Amino acid sequence: MADHPSTFDGTPVKSGEHAWQDRAALHAKNDGDGVLDGAKALRRGTFAELIRHVAMLPEDQRGKYVIEKAGDREYSAEEAVALASRPDFPSA
């Protein structure tokens, strides 16, 4: 997972715009964030695993969730579904 600085030469590892193997967490859309945000994760895994999970949910349920990718970027369910349809999205 390339979401942390490397220890070699103290420079960050470049992981690209969509690093599928970066750590991520599934959260309820309105869970309030805050200092205990990490403890509120409903599920953890790679970015690709969580995108796949959200994309498989019934359409009327997806909007209840967001994916928080390492680096504090939040992806909506709509973004997750769009990412799952990209040609470079990894197969299971």
Side-chain angles (χ1 to χ4, degrees):
M1 294 185 204
D3 58 322
H4 56 83
S6 74
T7 55
F8 179 75
D9 208 15
T11 56
V13 176
K14 294 189 192 271
S15 59
E17 182 180 345
H18 298 289
W20 306 119
Q21 295 303 312
D22 281 355
R23 288 187 308 240
L26 183 69
H27 284 262
K29 185 176 183 176
N30 298 314
D31 72 359
D33 294 325
V35 295
L36 299 176
D37 188 51
K40 297 177 190 176
L42 302 171
R43 183 181 195 129
R44 295 183 187 282
T46 66
F47 188 42
E49 289 168 344
L50 294 180
I51 288 171
R52 198 171 290 111
H53 176 76
V54 169
M56 289 190 315
L57 290 172
E59 192 172 340
D60 64 330
Q61 297 294 311
R62 293 178 189 154
K64 297 179 180 181
Y65 304 100
V66 294
I67 297 172
E68 290 186 4
K69 186 173 175 274
D72 286 335
R73 169 67 160 92
E74 236 179 46
Y75 290 82
S76 68
E78 294 81 19
E79 288 175 298
V81 170
L83 288 169
S85 67
R86 286 175 51 128
D88 62 336
F89 185 73
S91 60

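Everything quoted here is computed from the prediction, not taken from an experiment. The residues of the chain are indexed from 1 along the displayed sequence.
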Point to revise | Contact summary for Ala25 and Ala41, nearest pair of heavy atoms | key: CB-CB, 3.8 Å

**Study point:** Reported CD-to-NZ distance for the pair Glu74 and Lys69, which is rounded to 0.5 angstrom
**Key:** 13.5 Å

Study note, to complete from the structure: Heavy-atom nearest pair, Ala55 first then Val81, reads CA-CG2, 4.3 Å

**Study point:** From CG (Leu50) to CG (Leu42), nearest 0.5 Å
**Key:** 10.0 Å

Point to revise | Glu78: salt bridge (charged side-chain N to carboxylate O under 4.0 Å, His left out) partners, not counting sequence neighbours | key: none

Point to revise | Glu79 bridged to Arg73 by N-O distance under 4.0 Å | key: yes

**Study point:** Qualifying residues under side-chain contact (heavy atoms from CB on, under 4.5 Å), relative to Ala48, sequence neighbours excluded
**Key:** Trp20, Thr46, Arg52, Phe89, Pro90

Check your understanding: For Leu57, does its backbone N or O pair with a side-chain atom of Arg62 as donor and acceptor, under 3.5 Å?
Key -> yes

Point to revise | Nearest heavy atoms of Ala24 and Ile67, plus distance in Å | key: CB-CG2, 3.9 Å

Exercise for review: Would you sort out whether Gln21 and Phe47 count as a side chain to side chain contact (heavy atoms under 4.5 Å, CB included), showing the intermediate values?
Suggested key: CA-CA 6 Å; Gln21 295 303 312; Phe47 188 42; over 6 Å; no

Check your understanding: Is there side-chain contact between His27 and Tyr65, with at least one heavy-atom pair below 4.5 Å?
Key -> no

Check your understanding: What closest approach, in Å, do Val54 and Ala80 show between heavy atoms, and which atom pair accounts for it?
Key -> CG1-CB, 4.0 Å

Exercise for review: Could you list the residues that satisfy side-chain contact (heavy atoms from CB on, under 4.5 Å) with Gln61, not counting sequence neighbours?
Suggested key: Pro58, Lys64

Check your understanding: Is any side-chain heavy atom of Leu26 less than 4.5 Å from a side-chain heavy atom of Arg44?
Key -> no

